[in-house]
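For reference, the structure is listed below as structure tokens.
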Amino acid sequence: MNKQEILEQLAKAVVEGDKNSARENAQAAVDEGLDPLEAVDRGLSKGMAVVGANFESGESFLPELLMAADSFNAAMEILNPLIEANKQKISKLGTALLATVKGDMHNIGKNIVATVLETNGFEVVDIGIDQSTLNIIEAAQKHKADFIGLSSVMTTTMPYQKEVIETLSEMGLREKFFVLVGGGPVTQKWADEIGADGYGDTAVDAVGVAKKLLEKKG
Amino acid sequence: MPNFMDFIERANSGPILTEKDFNMESLIPNIRDIVKEYDISLDKENPISSDDAMADRLYEAAIELLARTGIYCEDTNRIIQLDRKEIIQSVQDFREGAASFGDGRDRRHFKSRKPEDTQLPWLHVGTGIVASSEEIAMAQIEGYGSIPEANSVSIPAFSRVKGMPVTGGSPLEIYASINSVQAARKALWRCGRPGLPIMNLLSSSTTATGTIAGSYPAFGLRPSDGWLIDVLAEMKVNFETLNRLAFIQIINGNIGSTAVPIIGGYAGGAPGTALAMTAYFMVGMHLFQGTYHLTLPIHFNSGCNSMREALWVFAITGRAASRNTCYPAIALGFAASGPCTKMYFYEAAATILSQVPSGYAGIQTPHPAKAVIDDAVTPMEALFAVELTKAVTGIKTHRANELANQLLEKYENEIPKAPAGKKYQECYDLHTRKPSEAYRRLYDEVKAELSGIGIPFI
């Protein structure tokens with residue numbers, strides 16, 4: 001295979017969610033001496049962009065998105081050591097720390113947002129469901145997050161979104177993070193009331209909101 | 001046959017794996033494979049499916065999904081394995097109509113229906129998921145209880161206690177759980193229906209602790225009520241679920257299994273969602289050992305289930321389950337638009353048309369405004385669901401499909417920009433507890449319009 005073919009195969013493996021093919025073609029890229037960053041940017045990421053667009057248009061769903069991400073990660077296991085050895089860096093738009101707030105066991109919405117953000121070039125740290133306010137803040141600090149994304153699917157757990165924002169203020173950390181809120185019962189009105197920086201009606205909206213906030217930050 | 005303790009044992013001893021591996025290595029590939037193997041496909045032109053052969057394949061496919069995948073316990077990270085023969089035995093052993101709900105003159109047996117059945121479905125009124133303030137909740141419940149045909153009510157969650165927002169897992173949840181049941185009983189007593197059963201569990205409680213508090217005999221739910229307990233999307237349970245189940249089994253309450261498969265979520269598109277939704281009937285009978293079921297799909301992006309893919313999921317799932325089991329199930333619509341809008345009634349009518357001829361045993365008031373706006377529900381929506389269900393009971397599926405297609409033309413392109421509508425206090429008189437003149441007029445206009453397209457209101 002020539003270079004162009006390898007790049008095309010990498011993209012195809014991601015679009016089809018074919019982990020084995022992603023691994024094989026990543027290895028081929030290494031064996032053929034391709035720049036690993038080029039393999040990521042012009043191969044794997046290109047495939048992720050296709051999957052992301054299909055998801056946005058409703059042609060594909062969460063399984064396709066997850067399988068694509070899984071294939072991407074499988075290829076990265078092979079490419080990453082080389083990227084590190086070359087002292088190269090994959091550029092990321094920003095780091096998002098995602099959590100479902102305390103008392104809330106729902107994770108699908110958050111997982112979709114995580115995958116959509118990843119496919120759009122964000123670093124995502126997902127700390128899971130039922131997370132206390134201090135856990136969330138501690139993790140955001142530890143991972144040097146740009147965003148904290150808070151999911152809440154029940155009206156009785158929405159107040160914890162407010163608690164995170166208030167606690168950040170009390171700790172003098174409010175300006176360090178953008179806080180985005182989402183979830184079934186969450187609305188723009190609620191986001192405004194509690195002083196969140198952004199709200200996404202859908203997972204795809206979250207990406208646009210995050211990008212706009214980063215632009216504003218400069 | 002395994003009992004509940006056997007399932008607890010399986011939750012502690014089944015194959016161990018991470019949740020991610022369960023999703024990626026088992027759940028997702030199994031759903032994708034089984035949808036293909038059993039040839040389950042969406043027919044967008046005919047959302048109210050009358051395809052009996054596909055419905056029967058869907059039922060078989062759902063058993064296959066459970067046998068291959070099991071149910072994942074998030075707290076032990078183990079799979080509760082389910083045996084095909086045991087699942088089938090549970091379906092066969094289910095005792096139809098064995099459970100009764102309500103007290104006194106409102107005591108009833110909840111029975112299953114078949115597709116195109118002429119038996120009027122169980123009418124479950126109200127919208128428990130919508131949060132309300134205490135004053136509004138009482139007015140809403142009084143309105144629900146005043147509908148003579150109502151067989152049971154779904155009571156609202158309380159969003160505040162003494163002005164403080166209720167947070168799950170806190171002492172306020174305990175107060176909210178108890179207060180909501182007490183307020184509901186008082187409202188039902190006021191409208192002369194003290195025995196009307198509450199069948200939505202306690203929407204104010206997000207934890208098993210809240211559920212148990214709201215079930216205290218002196219002032220909580222009664223064994224003649226129903227407790228909804230949910231399977232998590234998709235194919236998962238946790239200790240909060242199992243703790244609730246354990247408690248309600250011990251007090252001999254009516255367990256209502258419930259699940260909300262996500263269209264576009266782990267199950268993929270409409271066919272995979274129908275597969276999961278059908279499988280949850282068996283989870284209810286087998287693992288939960290329930291007496292009734294409540295079910296709905298929700299679209300991951302739109303947050304409602306009135307679009308044609310969701311109508312198809314309702315229809316084919318109802319047909320599959322009602323043709324092959326006697327487990328009585330309530331179907332629940334979610335409209336994108338809110339109260340006091342014409343669009344709400346179009347959406348509600350379409351969802352009910354997908355449910356009644358498909359064999360669902362019960363119909364719940366379709367929830368307005370995706371159930372996300374506090375106080376945004378009134379007894380008028382409940383009355384509409386009752387009147388429409390009566391009008392279309394016995395309707396042929398192909399006719400329901402024609403009507404649904406006509407209704408979809410009126411609203412499906414509007415779903416992304418659906419009007420939020422009005423809150424109770426904006427379209428009802430808080431003193432007389434009657435709808436505003438404008439809402440009454442809108443209601444009559446919509447009924448006349450729907451009669452015009454052929455819905456035979458009684």
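Since the structure is predicted, the reported quantities are computational estimates derived from the model, not experimental observations. Numbered from 1 within each chain, the chains take letters A, B, ... in sequence-line order.
Contact of A/Met158 with chain B is not made at all, since no heavy-atom distance falls under 4.5 Å. Interface remark: A/Leu65 contributes no atoms to any contact with chain B (heavy atom separation under 4.5 Å). Looking at B/Ala233, the atoms closer than 4.5 Å to chain A (heavy atoms on both sides) sit in the backbone and in the side chain alike.
Heavy-atom pairs under 4.5 Å with chain B were tallied for A/Asp201, A/Thr157, A/Leu66; the largest tally goes to A/Leu66. Interface remark: of the candidates A/Glu163, A/Glu64, A/His106, A/Lys162, A/Glu64 forms the most heavy-atom pairs closer than 4.5 Å to chain B.
Here the CD1-CG distance, from A/Ile129 to B/Leu232, works out to 8.0 Å after rounding to the nearest 0.5 Å.
Nearest approach of A/Pro63 to B/Gly265, heavy atoms of both residues: CD-O, 3.0 Å. Across all non-hydrogen atoms, the minimal contact from A/Phe61 to B/Gly268 is CD1-C, 3.8 Å. Between B/Thr167 and A/Pro159, the shortest heavy-atom distance links the atoms CG2-CB, 3.3 Å.
Counting non-hydrogen atoms of other residues, nucleotides and ligands closer than 6.0 Å to CD of B/Glu135 gives a total of 12 or fewer. Other residues, nucleotides and ligands place more than 12 heavy atoms under 6.0 Å from the CZ atom of A/Phe178. More than 12 heavy atoms of other shown residues, nucleotides or ligands fall within 6.0 angstrom of atom NZ in B/Lys370.
Of all residues in residues 297-307 of chain B, those placing a non-hydrogen atom less than 4.5 angstrom from a non-hydrogen atom of chain A are B/Phe300, B/Asn301. The interface of residues 184-198 of chain A with chain B, defined by heavy-atom distances below 4.5 Å, comprises A/Gly184, A/Pro185. For a heavy-atom cut-off of 4.5 Å, chain B lies close to A/Asn107, A/Ile108, A/Asn111, A/Ile112 in residues 107-117 of chain A. Residues of residues 18-32 of chain B lying under 4.5 angstrom from chain A, judged on non-hydrogen atoms, are B/Glu19, B/Lys20, B/Met24, B/Glu25, B/Ile28, B/Arg32 by number.
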